[in-house]
Peer 1: 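Once you've had a glance at the structure underneath, I'll fire off some questions.
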Amino acid sequence: MNNSNMPTSRWLVTTEWLAARLGAPDLVVLDGSYYLPTQNRDAEAEYLAGHIPGAVRFDIDAVSDHSSPLPHMLPSPAQFARDVSALGIAETDTIVAYDGVGLFSAPRVWWTFRLFEAENVFILEGGLPQWKAEGRPLEQGAVKRPPRGFKACKPPDVVATLADVQAALADNAAQVVDSRPAERFNGEAPEPRPGLRRGHIPGSFSVPSSTLIENGTLVSPERLRQAFAAGGVDLDKPIITSCGSGVAAATAWLALDALGRPPQALYDGSWSEWGARPDLPAATKPGT
């Protein structure tokens with residue numbers, strides 16, 4: 001899928017690549033924009049105001065497990081198949097996700113579709129900001145595609161629970177890599193969600209997603225390796241990615257995959273779960 005620009009990851013496509021294929025019958029473009037409460041942005045309103053032509057709005061909060069009190073946790077295969085079929089997406093389609101930041105929530109959309117066994121799922125480098133900066137066309141209003149049938153397979157065992165994380169840390173069986181900003185990891189800044197303590201999972205490593213991204217795309221493989229090394233992570237040992245609510249953790253997954261070191265699992269509950277539990281320990285100093 002790469003062109004002469006050769007993105008760092010095989011799952012990234014350029015704006016040129018996408019523009020040349022817009023309107024193809026087997027192509028589905030997804031606006032997967034999501035924003036933290038502190039960003040004060042309305043993803044739905046922004047989508048309606050202007051999106052890539054033909055793009056369907058994919059809301060990670062809507063397509064989630066509504067029985068969980070945690071934000072946008074993964075739905076069951078049955079729910080995912082139902083919700084995505086209603087959006088007009090089949091697992092055989094070529095799916096390209098983008099977001100309004102550049103590279104923030106689109107990796108979560110990519111990871112989720114891959115989890116449920118869609119094979120041709122990609123992420124737009126630079127996202128909507130780059131598309132706009134290049135003066136490419138936008139479309140207003142909602143896009144409705146005819147319903148399709150999406151066959152969602154039972155996902156592989158790559159979604160870590162709180163118990164999985166506790167066991168991995170107790171046995172030193174995997175490294176937990178936290179992709180939140182360093183000031184949140186260190187407890188120097190409040191969490192964007194109310195009710196969460198400051199700090200991090202004791203024994204976890206800090207590799208902020210901002211160290212993996214530049215101008216809406218992954219940095220070079222060399223710089224990715226440097227970012228993980230700076231966080232004290234051994235790329236030859238198993239890794240569980242984590243963050244605030246499982247979004248930036250997917251960016252870390254994308255980066256590790258680009259290095260040929262895909263993680264063992266992603267902790268879906270992340271700090272939204274751990275940080276809300278006063279019975280669990282929290283650390284605020286790096287290396288603890």
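Treat the numbers as computed from the prediction; the structure is a model and nothing was measured. The figures here come from the full heavy-atom set of this structure, side chains too, leaving out hydrogens, waters and symmetry mates.
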Peer 1: Can you run down the ring-ring contact (aromatic ring centres under 6.0 Å, His included) pairs that involve residues 220-249, sequence neighbours left out, and say none if there aren't any?
Peer 2: none
Peer 1: Where do R180 and C243 land on the side chain to side chain contact (heavy atoms under 4.5 Å, CB included) test, with the steps shown first?
Peer 2: CA-CA 5 Å; R180 290 177 300 153; C243 59; 4.3 Å; yes
Peer 1: Roughly how far, to the nearest 0.5 Å, is CZ of R57 from OG of S33?
Peer 2: 6.0 Å
Peer 1: Any pair with a residue in residues 190-224 that passes ring-ring contact (aromatic ring centres under 6.0 Å, His included), sequence neighbours left out, goes on the list, sorted by first then second residue, please.
Peer 2: F185-H200
Peer 1: With sequence neighbours left out, write down each residue that passes salt bridge (charged side-chain N to carboxylate O under 4.0 Å, His left out) with R223, or none if nothing qualifies.
Peer 2: E214
Peer 1: Between OG of S206 and CG of D178, what distance do you get to the nearest 0.5 Å?
Peer 2: 6.5 Å
Peer 1: Would you check if the distance from the ring center of F113 to the ring center of F58 is below 6.0 Å?
Peer 2: yes
Peer 1: Could you tell me whether a side-chain N or O of D171 sits under 3.5 Å from a main-chain N or O of A173, the two making a donor and an acceptor?
Peer 2: no
Peer 1: Which heavy-atom pair separates L218 from S9 by the least distance, and what is that distance?
Peer 2: CD1-CB, 3.9 Å
Peer 1: May I have the step-by-step check of side chain to side chain contact (heavy atoms under 4.5 Å, CB included) for N120 and I95, ending in yes or no?
Peer 2: CA-CA 6 Å; N120 299 312; I95 301 164; over 6 Å; no
Peer 1: Going by ring-ring contact (aromatic ring centres under 6.0 Å, His included), name the pairs with one or both residues in residues 208-227, residues two or more places apart or in two chains.
Peer 2: none
Peer 1: Shortest non-hydrogen contact from A250 to W111?
Peer 2: CB-CB, 4.1 Å
Peer 1: Is the shortest distance from a Lys or Arg side-chain nitrogen in R114 or E119 to a carboxylate oxygen in the other one below 4.0 Å?
Peer 2: no
Peer 1: Considering residues at least two apart in sequence or located in another chain, which fulfil the salt bridge (charged side-chain N to carboxylate O under 4.0 Å, His left out) criterion with E188?
Peer 2: none
Peer 1: May I ask you to test the Y98-H51 pair for a side-chain heavy-atom distance under 4.5 Å?
Peer 2: yes
Peer 1: Do R145 and V28 come close enough that some side-chain heavy atom pair is under 4.5 Å?
Peer 2: yes
Peer 1: Any chance CG of D26 has more than 12 other-residue heavy atoms, nucleotides or ligands included, within less than 6.0 Å?
Peer 2: yes
Peer 1: Quick one: does W11's side chain have a donor or acceptor within less than 3.5 Å of a partner on P107's backbone?
Peer 2: no
Peer 1: Could you check whether any side-chain heavy atom of P190 comes within less than 4.5 Å of a side-chain heavy atom of R198, counting everything from C-beta outward?
Peer 2: yes
Peer 1: If only atom types and distance count, is the side chain of D257 paired as donor or acceptor with the main-chain N or O of L254 below 3.5 Å?
Peer 2: no
Peer 1: Do L22 and W17 share a hydrophobic cluster (ILVMFWY, side-chain heavy atoms under 4.5 Å, transitive)?
Peer 2: yes
Peer 1: Might you work through the side chain to side chain contact (heavy atoms under 4.5 Å, CB included) test for L235 and L259, ending with a clear yes or no?
Peer 2: CA-CA 9 Å; L235 293 175; L259 295 175; 4.0 Å; yes
Peer 1: Side-chain heavy atoms under 4.5 angstrom apart, residues restricted to Ile, Leu, Val, Met, Phe, Trp, Tyr: same cluster for V176 and L212?
Peer 2: no
Peer 1: Does S85 use its side chain to pair, donor to acceptor, with the backbone of R82 at less than 3.5 Å?
Peer 2: no
Peer 1: Working to the nearest 0.5 Å, report the span between CH2 of W110 and CG of L103.
Peer 2: 10.5 Å
Peer 1: So which atom in D31 and which in A55 form the shortest heavy-atom distance, rounded to 0.1 Å?
Peer 2: N-CB, 4.4 Å
Peer 1: Quick one: which residue pairs count as a salt bridge (charged side-chain N to carboxylate O under 4.0 Å, His left out) with a foot in residues 86-110, not counting sequence neighbours?
Peer 2: D93-R148, R108-D268
Peer 1: Take a 6.0 Å sphere around CG of D61 and say whether it holds more than 12 heavy atoms from other residues, nucleotides or ligands.
Peer 2: yes
Peer 1: Side chains of S245 and R193: is there a donor and an acceptor less than 3.5 Å apart?
Peer 2: yes
Peer 1: Considering only heavy atoms from C-beta outward, does the side chain of V219 approach that of T8 to under 4.5 Å?
Peer 2: no
Peer 1: In terms of hydrophobic clusters joined by side-chain contacts under 4.5 Å, are Y267 and I60 together?
Peer 2: no
Peer 1: The test is side chain to side chain contact (heavy atoms under 4.5 Å, CB included); show your working for V233 and I239 and say whether it passes.
Peer 2: CA-CA 9 Å; V233 178; I239 291 171; 3.6 Å; yes
Peer 1: Are Y34 and H72 close enough that their ring centers fall under 6.0 Å?
Peer 2: yes
Peer 1: So, for S270 and G246, which heavy atoms are closest and what is the spacing to 0.1 Å?
Peer 2: OG-N, 3.6 Å
Peer 1: Under 4.5 Å between any side-chain heavy atoms of I240 and V177, yes or no?
Peer 2: no
Peer 1: I'd like to check R41 versus L36 (side-chain heavy atoms, cut-off strictly below 4.5 Å). Are they in contact?
Peer 2: no
Peer 1: If you compare all heavy atoms of S272 against all heavy atoms of L196, which two are closest, and at what distance to 0.1 Å?
Peer 2: O-CD2, 3.5 Å
Peer 1: For a quick test of reading the model, state the closest non-hydrogen atom pair linking Q264 to P238 and the distance between them.
Peer 2: OE1-CB, 3.2 Å
Peer 1: Mind checking whether L27 and W131 sit in one hydrophobic cluster, side chains of I, L, V, M, F, W, Y counted as touching below 4.5 Å?
Peer 2: yes
Peer 1: Start with the C-alpha distance between F150 and F80, add both sets of side-chain angles, then the distance that settles ring-ring contact (aromatic ring centres under 6.0 Å, His included), and finish with yes or no.
Peer 2: CA-CA 9 Å; F150 189 104; F80 186 80; 5.4 Å; yes
Peer 1: Has the side chain of Q79 got a donor or acceptor atom that lies under 3.5 Å from a matching backbone atom of S64?
Peer 2: yes
Peer 1: Do R184 and W271 form a cation-pi contact, if we require the NZ or CZ to be under 6.0 Å from the six-membered ring centre and within 45 degrees of the ring's axis?
Peer 2: no
Peer 1: Can you confirm whether L74 sits close enough to V159 that some side-chain heavy atom of one is under 4.5 Å from a side-chain heavy atom of the other?
Peer 2: yes
Peer 1: What's the separation between atom CG in L124 and atom CD1 in I52, rounded to the nearest 0.5 Å?
Peer 2: 5.0 Å
Peer 1: Supply the atom-to-atom distance Q130 CD to T15 OG1, rounded to the nearest 0.5 angstrom.
Peer 2: 4.5 Å
Peer 1: Looking at R136 and E134, does any basic side-chain N land under 4.0 Å from a carboxylate oxygen?
Peer 2: yes
Peer 1: Under a 4.5 Å side-chain heavy-atom rule over Ile, Leu, Val, Met, Phe, Trp and Tyr, are L162 and L266 clustered together?
Peer 2: no
Peer 1: Measure the shortest side-chain to side-chain distance between S204 and P202 over non-hydrogen atoms and say whether it is less than 4.5 angstrom.
Peer 2: no
Peer 1: Answer yes or no: is there a donor N or O on one side and an acceptor on the other, between the side chain of S105 and the main chain of G32, under 3.5 Å?
Peer 2: yes
Peer 1: Can you tell me how far CG of L18 sits from CD1 of I123, rounded to the nearest 0.5 angstrom?
Peer 2: 13.0 Å
